[in-house]
Asker: 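Just dropping this structure here.
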Amino acid sequence: MIGKEDNIHVNTTLADHISNGAANKFGQLTVVGAGPGDVELITLKAIKALQAADVVLYDALVDGSLLNYAPNAEHIFVGKRKGCYAYQQEQINDLIVSRAKTQCHVVRLKGGDPFVFGRGAEEMEFAASKGIKVAMVPGISSSVAVPASQNIPVTKRGAAESFWVITGTTKDHRLSTDVALAAKSNATIVILMGMSKLSEIVGLFKSEGKSETPIAIIQNGTREDEKVGVGTIGSIEKLVAKEQLSNPAIIIIGEVVNHRSAILNYTEILNSHEVAK
């Protein structure tokens, strides 16, 4: 439990730390969202946090060029790639505390928004329980930014009144049971970390009679090596195999996916008119 005294630490702002020039004797952790991938989609506040860092612990989905904003800090890669961990979570927690207590200001740099399947809340709670001051800088979440970058809104009047954001793989490596619940709704479904469970996801939607429901898969969203596949529940697995789509990717299911095609058609018409001139 975090007591009243610890809550004072939790509520200390990043601005206080920067203006003071250093963290208190216990050190400070600032959990920072790096955005969905495009280096220009990081916030100004996140850049200020990096500039004030003594140590940056960064994940695999973070563009390495963002570390240039912290040229004087120690950079430590703590991410994972294809199930290979540089550090286990318990080791990351201990690293945060040890570095904070010896080198003052630790920035934990995470892709997207750290509070959306990013374990940022867990790390903040652990650090606060050890007497470390903590602060949070939200990031642009890939769950909405990546679809938007491909002209797919997660809500649209007449198409979707709400949206679900679901992890495709739970901590016990199973498909979240929320996917089955979401498949019964008319909402937009955004699934993160779900490519290894694509067949199961498709099966659930087919069982609800939704084989013709539009679906899009965006790999490496907002990055230069971005790949996109758009089809229906019934056709997407063949498309994924043909285009060799894989993680890291986001799955978007719902009628809003058709908005992308509409915008592309309008763009083609406008371009043809420009050529005709």
Asker: Give the intermediate values and the outcome of side chain to side chain contact (heavy atoms under 4.5 Å, CB included) for residues Asn93 and Val97.
Answerer: CA-CA 7 Å; Asn93 291 344; Val97 172; 6.0 Å; no
Asker: Kindly determine whether Lys110 and Val31 satisfy side chain to side chain contact (heavy atoms under 4.5 Å, CB included), including the steps that lead there.
Answerer: CA-CA 8 Å; Lys110 294 172 168 286; Val31 177; 4.3 Å; yes
Asker: Would a 4.5 Å heavy-atom cut-off, applied to side chains only, mark Val230 and Ile215 as touching?
Answerer: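 They are not in side-chain contact.
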Asker: Side-chain contact test, heavy atoms from C-beta onward, threshold under 4.5 Å: evaluate it for Leu198 versus Ile217 and give yes or no.
Answerer: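 With C-beta onward as the side chain, the pair touches.
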Asker: Check the hydrophobic clustering (I, L, V, M, F, W, Y; side-chain heavy atoms under 4.5 Å; chains of links allowed) and say if Val32 and Leu41 are grouped together.
Answerer: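 No.
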Asker: Do Pro214 and Ile253 come close enough that some side-chain heavy atom pair is under 4.5 Å?
Answerer: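 Heavy-atom side-chain distance check fails, nothing below 4.5 Å.
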Asker: Do you know the tightest heavy-atom contact between Ser142 and Ile250?
Answerer: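 Ser142 and Ile250 have their closest heavy atoms at O-CD1, 3.2 Å.
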Asker: Quick test of your reading of the model: are Glu122 and Arg119 salt-bridged, counting only N-O distances below 4.0 Å?
Answerer: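 Yes, this pair counts.
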Asker: Grab the two heavy atoms, one from Thr167 and one from Ser176, that are nearest each other, plus how far apart they are.
Answerer: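 Taking every non-hydrogen atom into account, O-CB, 3.3 Å.
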Asker: Begin with the C-alpha distance, continue with both residues' side-chain angles, and end with the deciding distance and a verdict on side chain to side chain contact (heavy atoms under 4.5 Å, CB included) for Val78 and Arg108.
Answerer: CA-CA 10 Å; Val78 294; Arg108 182 71 172 92; 3.5 Å; yes
Asker: Side-chain heavy atoms under 4.5 angstrom apart, residues restricted to Ile, Leu, Val, Met, Phe, Trp, Tyr: same cluster for Met124 and Leu95?
Answerer: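 Yes: a chain of side-chain contacts under 4.5 Å links Met124 to Leu95.
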Asker: If every non-hydrogen atom of Trp164 is compared with every non-hydrogen atom of Asp178, which pair is closest and at what distance?
Answerer: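 That closest heavy-atom pairing would be CZ3-O, 3.7 Å.
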Asker: Would you indicate whether Tyr69, at its atom OH, is surrounded by more than 12 heavy atoms from other residues, nucleotides or ligands within a distance under 6.0 Å?
Answerer: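 Not more than 12 within 6.0 Å, no.
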Asker: Determine, stepwise, if the pair Gln219 / Glu243 fulfils side-chain hydrogen bond (donor to acceptor under 3.5 Å, both in side chains).
Answerer: CA-CA 11 Å; Gln219 178 182 336; Glu243 301 296 331; over 6 Å; no
Asker: Under a 3.5 Å cutoff, is there a donor and acceptor pairing between the side chains of Gln244 and Ser246?
Answerer: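 Checked: Gln244/Ser246 side chains show no N/O donor-acceptor pair below 3.5 Å.
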Asker: Looking at CD1 of Ile233 and OG1 of Thr213, how far apart are the two atoms once the value is rounded to the nearest 0.5 Å?
Answerer: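 Here the rounded value is 6.0 Å.
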Asker: I want to check something: taking the side chain as every heavy atom from C-beta on, are Arg260 and Val228 in contact at a cut-off of under 4.5 Å?
Answerer: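 Result yes, sub-4.5 Å side-chain heavy-atom pair found.
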Asker: In this structure, would Leu61 and Leu192 fall into the same cluster of hydrophobic residues linked by side-chain contacts under 4.5 Å?
Answerer: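 No; tracing contacts between hydrophobic side chains, which count when under 4.5 Å, never links both residues.
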Asker: Can you find a heavy atom in the side chain of Ile189 that is under 4.5 Å from one in the side chain of Ser185?
Answerer: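 SC-SC contact between Ile189 and Ser185 confirmed.
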Asker: Would you say Ile251 and Met195 make side-chain contact, with heavy atoms under 4.5 Å?
Answerer: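 Of all side-chain heavy-atom pairs linking Met195 with Ile251, at least one is under 4.5 Å.
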Asker: In the structure I gave you, are the side-chain heavy atoms of Val179 and Lys197 within less than 4.5 Å of one another anywhere?
Answerer: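 Val179 vs Lys197: side chains apart.
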Asker: Taking CG in Asn186 as the centre, count heavy atoms belonging to other residues, nucleotides or ligands within less than 6.0 Å. Is the count above 12?
Answerer: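 No, the 6.0 Å shell around CG holds no more than 12 heavy atoms from other groups.
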Asker: Within a strict 4.5 Å, meaning less than it, do heavy atoms of the Val137 and Thr30 side chains meet?
Answerer: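 They are in contact (side-chain heavy atoms under 4.5 Å apart), so the answer is yes.
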Asker: Could you state whether Ile140 and Val116 fall into the same hydrophobic cluster, counting links through intermediate Ile, Leu, Val, Met, Phe, Trp or Tyr residues with side-chain heavy atoms under 4.5 angstrom apart?
Answerer: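 They do not share one cluster, since no chain of ILVMFWY contacts under 4.5 Å joins Ile140 to Val116.
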Asker: Is there a path of hydrophobic side-chain contacts, each under 4.5 Å between heavy atoms, that joins Val257 and Ile236?
Answerer: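 Cluster IDs for Val257 and Ile236 differ.
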Asker: Excluding sequence neighbours, so at least two apart, what forms side-chain hydrogen bond (donor to acceptor under 3.5 Å, both in side chains) with Glu255?
Answerer: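 Asn258.
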Asker: Is there a donor in the side chain of Thr155 and an acceptor in the side chain of Glu161, or the other way round, less than 3.5 Å apart?
Answerer: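 Distance-only check fails for Thr155 and Glu161.
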Asker: How close do Leu239 and Gly231 get, counting heavy atoms only, and between which atoms?
Answerer: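 Shortest heavy-atom separation between Leu239 and Gly231 comes out as CD2-N, 4.2 Å.
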Asker: Run the side chain to side chain contact (heavy atoms under 4.5 Å, CB included) check on His259 and Ile152 step by step: do they pass?
Answerer: CA-CA 6 Å; His259 179 78; Ile152 300 174; over 6 Å; no
Asker: Excluding sequence neighbours, so at least two apart, what forms salt bridge (Lys or Arg N to Asp or Glu O under 4.0 Å) with Lys184?
Answerer: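 So Lys184 forms a salt bridge (Lys or Arg N to Asp or Glu O under 4.0 Å) with Glu208.
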Asker: Kindly write out the residues that satisfy side-chain hydrogen bond (donor to acceptor under 3.5 Å, both in side chains) with Asp172, not counting sequence neighbours, or none if the list is empty.
Answerer: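 Listed in chain order: Thr170.
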Asker: Grab the two heavy atoms, one from Leu109 and one from Leu67, that are nearest each other, plus how far apart they are.
Answerer: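 Nearest heavy atoms, Leu109 then Leu67: CD2-CD2, 4.5 Å.
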Asker: Taking all atoms of both residues into account, what is the closest heavy-atom pair of Ser199 and Glu237, and its distance?
Answerer: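 Distance-wise, the nearest heavy atoms are OG-OE2, 2.5 Å.
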Asker: Can a salt bridge be assigned to the pair Lys206 and Glu212 using a cut-off of 4.0 Å between side-chain N and carboxylate O?
Answerer: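 Salt bridge flag = no for Glu212 with Lys206.
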Asker: Just by modelled atom types, is the Ala183 backbone N or O under 3.5 Å from a matching donor or acceptor in the Lys210 side chain?
Answerer: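 Yes, because the side chain of Lys210 sits within donor-acceptor range (under 3.5 Å) of the backbone of Ala183.
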Asker: Considering residues, nucleotides and ligands other than Lys130, do more than 12 of their heavy atoms fall under 6.0 Å from its NZ?
Answerer: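 Atom NZ in Lys130 is not packed in, count stays at 12 or less.
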Asker: Using the side-chain hydrogen bond (donor to acceptor under 3.5 Å, both in side chains) criterion, which residues pair with Thr169? Sequence neighbours excluded.
Answerer: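 side-chain hydrogen bond (donor to acceptor under 3.5 Å, both in side chains) check on Thr169 returns nothing, list empty.
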Asker: Please tell me whether Gln150 and Glu226 have a donor and an acceptor in their side chains that are separated by less than 3.5 angstrom.
Answerer: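 Looking only at side-chain atoms, Glu226 and Gln150 do form a donor-acceptor pair, the distance falling under 3.5 Å.
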Asker: Taking atom CZ of Phe163 as the centre, report whether more than 12 heavy atoms of other residues, nucleotides or ligands fall under 6.0 Å from it.
Answerer: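 No, not enclosed.
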Asker: For Tyr58, enumerate each residue passing the ring-ring contact (aromatic ring centres under 6.0 Å, His included) test, keeping only those at least two apart in sequence or located in another chain.
Answerer: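 Result, ring-ring contact (aromatic ring centres under 6.0 Å, His included) vs Tyr58: Phe77.
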Asker: Output all residues satisfying salt bridge (Lys or Arg N to Asp or Glu O under 4.0 Å) with Arg99, sequence neighbours left out; order by chain, then residue number.
Answerer: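 Arg99 satisfies salt bridge (Lys or Arg N to Asp or Glu O under 4.0 Å) with Glu74 once adjacent residues are dropped.
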